[in-house]
Each structure stands twice: as C-alpha cells, then as structure tokens.
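Please read the structure below before turning to the comments.
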There are 2 protein chains.
Amino acid sequence: MQAAVVSIPAAIGSGAERSAKLRRATTADAIFERLYSDILALRMPPGMVLQEKKIAEEFNVSRTPVREALLRLSEGGLVDIYPQSGTVVSRVPVAAIPEAVVVRKSLEGTTVERAAEVATPADIARLDTVISRQRSLAALNDTSAFHEEDEAFHEAIAGIAGYPGIWGILKTVKVQIDRARRLTLPVLGRMDNVVYEHGLIRDAIAAHDAAAARAAMLHHLSAVIPDVAELRVRYPDYFC
Amino acid sequence: MQAAVVSIPAAIGSGAERSAKLRRATTADAIFERLYSDILALRMPPGMVLQEKKIAEEFNVSRTPVREALLRLSEGGLVDIYPQSGTVVSRVPVAAIPEAVVVRKSLEGTTVERAAEVATPADIARLDTVISRQRSLAALNDTSAFHEEDEAFHEAIAGIAGYPGIWGILKTVKVQIDRARRLTLPVLGRMDNVVYEHGLIRDAIAAHDAAAARAAMLHHLSAVIPDVAELRVRYPDYFC
DNA sequence: CGCATCAAATTGATATACTAGTATTCGCGG
DNA sequence: CCGCGAATACTAGTATATCAATTTGATGCG
C-alpha cells in the first residue's frame, strides 16, 4: 500500500459544502432516515425485532442498503445487532440518560455562552420566529411538530455560536433522551413551560449576558429530564 | 411492519457488557481498525487515494467488508468518499479544529470536575501509573507509545468520573486534532510539558479541588492545540 | 494551438447467492 | 417429569456479479 498523495481536482478542496457534493442522496440514506424517525417516534418500539430481509422486501430494495442503514443506526445506539442472530430496536439505556444530560448541559452551556457573545439582531429574530411558532403549536397541542421546533431552537443557538459540529454531536446524544421523553411529554402544561424557558434563554442571549444565558439553559435542560423511574414501571419492556 | 415486541432471551438485557457480546470481531471491524490506525498514525497520509478493490485484494476479502469499514471511516471524517469517483484519506479539516478544541474543553472540563469530586485513592493510583509510564516514554522519546498513554490518561479521568460515553464522544472528536498533532509533536520538550501538566491535573483531582482541576485541564488542552498555521506551510497537501 | 465533445475506463451502488454462527426445539435418557 | 444434547431452522456476515454514473483522456473541429 503505497502513499499516492495525488489530488482529486474537481470535488476536493471545497470543505465547506462537503456534505453537499460528496454523498448525494442514496437509497441507504433514505432507509436510514425512515427507520430513524420510526424509532424516534416509537412507531418501532424498543425491543421490536428487525430483520434485514423483511425490511428489504418492504422497501423493495436489496439487503445491502438496508444493512448499511442498520449499521449506522447501531452506531448511534438505536438498534442492537446480534451477529448471526438478530437485530432489535434497542431498549432505551436508562443508565446512559444521566450521562447524556451531562453532555447536553456541558455542550449547550458552552454553546449558549458563545451565542450570547456573538448574536446579532438577525439571530435574535430567528429565535423569536421559532419561539412564536412553538407558542402556536403548544396551543394546538401538536406535540410532534412542537418537538421539531424544539430541535430547531437548540440548533439555531448552535448555529449562532458558529458550532455546527457541536449540534451534530448533540443530535446523537439527544436521541435516547428524546425517545424516553416521547413517552412522558403528554404532561399537561409542559409545552408552555418549555416556551417560557426558551424565552428566558432568548432574552439572555439578546442581552449578551453569557452567564445568564448559561444559567437559563442549564435550568431548562434540568427540567426536561424524563422521569425515568416512573417510565420504568409504565413501560418496563422499553428500558434496560 | 408490525410491532413484535418479543424478547431475545440470551443476549439481551445485559446492557452493561453490550459491546462485548454483541459484535464479536467481524472482518469488517478488523479492517476498520487497521485502516483507522493507519490513518491516525499517518501511515496513510491525508490525500492518499484508496480503492475498495485494492484494499480488498490486500486483505484477501471481498469488497463488502471493506466497503463497510470505509463507510464507518467516512462518518468519522477520516476518509472522503466521492461517489463514482474515488475515496481518499481526508485532509485534516483545519476549519473544524477550533471547534473540536471547544468540545474537548467543554466536555473534559466537566469530566475532570466530576472526577475531582468522586476520585478514590485507587483512582489516583491509576493516574499515577499512567503518568509515570509517560515520564519513561518521554525519556525514551517514544512518541507513538507516549500518545497511547496520553489517551489512557484522559480515558482514565472519564472512567473515574463515571462517564464512559463521554470518552467515546471525545475519541471521535480528538481524531482530527491528533492527526494534526502527530505532525507537530516532535517539538523538543513538548512531552515533558505534557507530563508536567498531567501532574497538575492529577494533583488537583487528588485534592478534590474541582475548580483547580478544571483550570488545569483547560490550560492543558489549550497547550496542545496544534499550530495549524505552521503546519499548513510545512504540509500544504495535508490540510484543507 | 486551444477548446469542446465523445468515448472508454474506473469506481461506487445495488442485487443475488452462499457461508457460517446462533438459538430454539425436539427427542432421548435419567 | 426434568435436564441435557444434538439437529434443525433462521439470521447476519461475506462473496460474487451486474449496473450505473462520473471522470478523464484523446480526438477532432474551430
């Protein structure tokens, strides 16, 4: 294996729009997205047995792209692959949730501090847009769309801070928390609280008060920790 | 797709030794590990062209496991796959390094605080072992082994804090930084400084002084930021 | 001499076929 | 009736073959 350090003229060197050029949408990606959302939305509950063959037939594709999608999901901890045996939607690893919250607090605390330092009026406007949308959705009690906007809010903050990579990490970490939360969110008034807390974060960012922004974010993240103990008795099969 | 929430009796429910039981060494894993270490050690330099077919022949396997390994590497940003064109060892994304450092500071700062709070004498002894090994390796000028022990030190702290998952995140983040550092470490005396700084961190943890531990860690992480500007002129082909 | 176009080769993507390992089940013996 | 073991059936892992798309180099025309 010799080192052939040559250049690939056309596509390389971009770096910025990397993900755009290299890896146009492939069927494996489509299947991944589908399974991902199905698992996150609990349409495929934890413990459900998956079979490469069955899924391939359902999507009318070969096993190969299905397999690639499953491998990616297993890296994210969403499915467990038992070689030569079977694949199941992973049970929510209760033990990992506290750690996931720690990661979120650490990373989002840092991110929101930075965002508070560099936010422009336009950035604040973006946050306001998301918050007002959330307010509407909370009134309509549309939990699913509300979740999406919740993601958008946190992603926007990462964007403002200039840390897109951190958002990528957070997404993978959030997944397990979100799965647990989907079982618990129908708590009345919770969405209104979230909107209120988002407002506090927004205000701190707008005031360029990094310390206050961090405090508001940490408080917000503490509030969204799912009550795992309760969930364990309600849905014992879903956790481990 | 119906929900068949059945149990897979034998292997499941473990959760703890998950990675041990599910995913025994497969050839794809072996190839991944091999390529991973080759890229990290710069035996495969950034920009090197890879070919599934060639690699497959070299390992005497089919293209399938090679492909799986390359896909995993591309997710970690270690190779860039240009569809229908070619695969190359990724150039170190200079733009992403500052963000990677931010992530490390955030996560390792949090981790070392926690470690300082909960460390037992046995934990301190573990750190001492690693540090003394590093001291020896620095004297021998064995940069490669030194790097491994450096990883062991940071991993040990994550272990003490009880955050194994955070270490997993850090590993993926560290990769790009480490690749750049491999080109820069031969700076004389750098290893001695690292040993010294590790000592300061160890002392703060032993004293259960969380604030001091965090400060020492942040200082340490600031010091290991590779001088990207200098590297760009020395190895222009390796960065983008 | 330069640019554009076309064709051939290279490589990734997908489909299909085969292998090997695992868990369950059924039967036999205690 | 229970426990142990071998055989069977099923799954993921691997190999091979085919397809499609992009790139590149060469050729011809301006």
Side-chain angles (χ1 to χ4, degrees), chain A residues 4 6-14 18-33 35 47-75 78-90, chain B residues 1 4 6-14 17-35 47-75 79-90:
Chain A
V6 301
S7 56
I8 290 200
I12 230 171
S14 48
R18 257 177 44 182
S19 52
K21 307 214 73 169
L22 56 93
R23 311 291 313 257
R24 72 173 195 300
T26 176
T27 60
D29 291 328
I31 292 169
F32 172 84
E33 293 294 344
L35 295 177
M48 177 176 172
V49 173
L50 301 178
Q51 292 184 18
E52 291 183 357
K53 200 179 171 185
K54 288 268 183 67
I55 296 172
E57 286 169 4
E58 239 171 277
F59 286 93
N60 284 317
V61 296
S62 77
R63 267 179 57 200
T64 311
V66 173
R67 183 174 171 69
E68 283 179 12
L70 288 175
L71 283 170
R72 281 168 63 187
L73 288 169
S74 87
E75 281 180 46
L78 288 166
V79 304
D80 290 337
I81 299 175
Y82 300 91
Q84 274 81 35
S85 172
T87 302
V88 301
V89 177
S90 73
Chain B
M1 189 167 302
V6 303
S7 56
I8 292 199
I12 232 171
S14 49
E17 75 278 23
R18 256 178 45 181
S19 52
K21 306 215 74 172
L22 58 94
R23 312 286 318 247
R24 72 166 199 304
T26 176
T27 59
D29 290 330
I31 291 169
F32 172 83
E33 293 293 344
R34 173 65 182 280
L35 294 178
M48 177 177 173
V49 173
L50 301 177
Q51 294 181 17
E52 289 185 358
K53 199 178 175 185
K54 290 267 182 66
I55 297 172
E57 286 168 4
E58 239 171 276
F59 286 91
N60 283 318
V61 296
S62 78
R63 275 175 55 195
T64 310
V66 173
R67 180 173 175 70
E68 283 180 11
L70 288 175
L71 282 170
R72 281 169 63 187
L73 288 169
S74 85
E75 279 181 48
V79 304
D80 290 336
I81 300 176
Y82 300 91
Q84 278 76 39
S85 171
T87 302
V88 301
V89 177
S90 73

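Numbers restart at 1 for each chain; the letters A, B, ... are given by sequence-line order, proteins then strands. Keep in mind that the numbers below use all heavy atoms, side chains included, and drop hydrogens, waters and symmetry copies.
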Spacing of [X] atom [atom1] relative to [N] atom [atom2], expressed in whole Å:
{"X": "L73(B)", "N": "dG12(C)", "atom1": "CG", "atom2": "P", "result": "14 Å"}
{"X": "E68(B)", "N": "dG13(D)", "atom1": "CD", "atom2": "P", "result": "7 Å"}
{"X": "I81(B)", "N": "dT14(C)", "atom1": "CD1", "atom2": "P", "result": "12 Å"}
{"X": "I55(A)", "N": "dA12(D)", "atom1": "CD1", "atom2": "C1'", "result": "12 Å"}
{"X": "E57(A)", "N": "dA15(C)", "atom1": "CD", "atom2": "P", "result": "13 Å"}

task = Not counting sequence neighbours, which residues clear side chain to side chain donor-acceptor pair (under 3.5 Å) with E52(A)? List them please.
result = R63(A), R67(A)
Of all the heavy-atom pairs spanning [X] and [Y], show the shortest one and how long it is.
{"X": "L70(A)", "Y": "V79(A)", "result": "O-CG2, 3.6 Å"}
{"X": "A28(A)", "Y": "A69(A)", "result": "O-CB, 3.8 Å"}
{"X": "V61(B)", "Y": "I31(B)", "result": "CG2-CD1, 3.7 Å"}
{"X": "V66(A)", "Y": "A56(A)", "result": "CG2-CA, 3.7 Å"}

Below 3.5 Å is the cut-off: list the nitrogen or oxygen pairs between protein and nucleotides 15-18 of chain D, distance only.
{"residue": "dA15(D)", "atom": "OP2", "partner": "S62(B)", "partner atom": "N", "Å": "2.8"}
{"residue": "dA15(D)", "atom": "OP2", "partner": "S62(B)", "partner atom": "OG", "Å": "3.0"}
{"residue": "dA15(D)", "atom": "N7", "partner": "T64(B)", "partner atom": "OG1", "Å": "3.0"}

What does the list of N/O pairs under 3.5 Å between the protein and nucleotides 5-11 of chain D look like, with a distance for each?
{"residue": "dT11(D)", "atom": "OP1", "partner": "Q51(A)", "partner atom": "OE1", "Å": "3.1"}
{"residue": "dT11(D)", "atom": "OP1", "partner": "Q51(A)", "partner atom": "NE2", "Å": "2.7"}
{"residue": "dT11(D)", "atom": "O2", "partner": "Q84(A)", "partner atom": "O", "Å": "3.4"}

ask   = What residues, two or more places apart in sequence or in another chain, satisfy side chain to side chain contact (heavy atoms under 4.5 Å, CB included) together with E33(A)?
value =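 Expected list: none.
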request  = Using the test side chain to side chain contact (heavy atoms under 4.5 Å, CB included), find all partners of T64(A) that sit at least two apart in sequence or belong to another chain.
outcome  =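 Applying side chain to side chain contact (heavy atoms under 4.5 Å, CB included) to T64(A) gives S62(A), E68(A).
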task = Any chance you could lay out the side-chain contact (heavy atoms from CB on, under 4.5 Å) test for L71(A) and L71(B), step after step, and finish with the verdict?
result = CA-CA 10 Å; L71(A) 283 170; L71(B) 282 170; over 6 Å; no
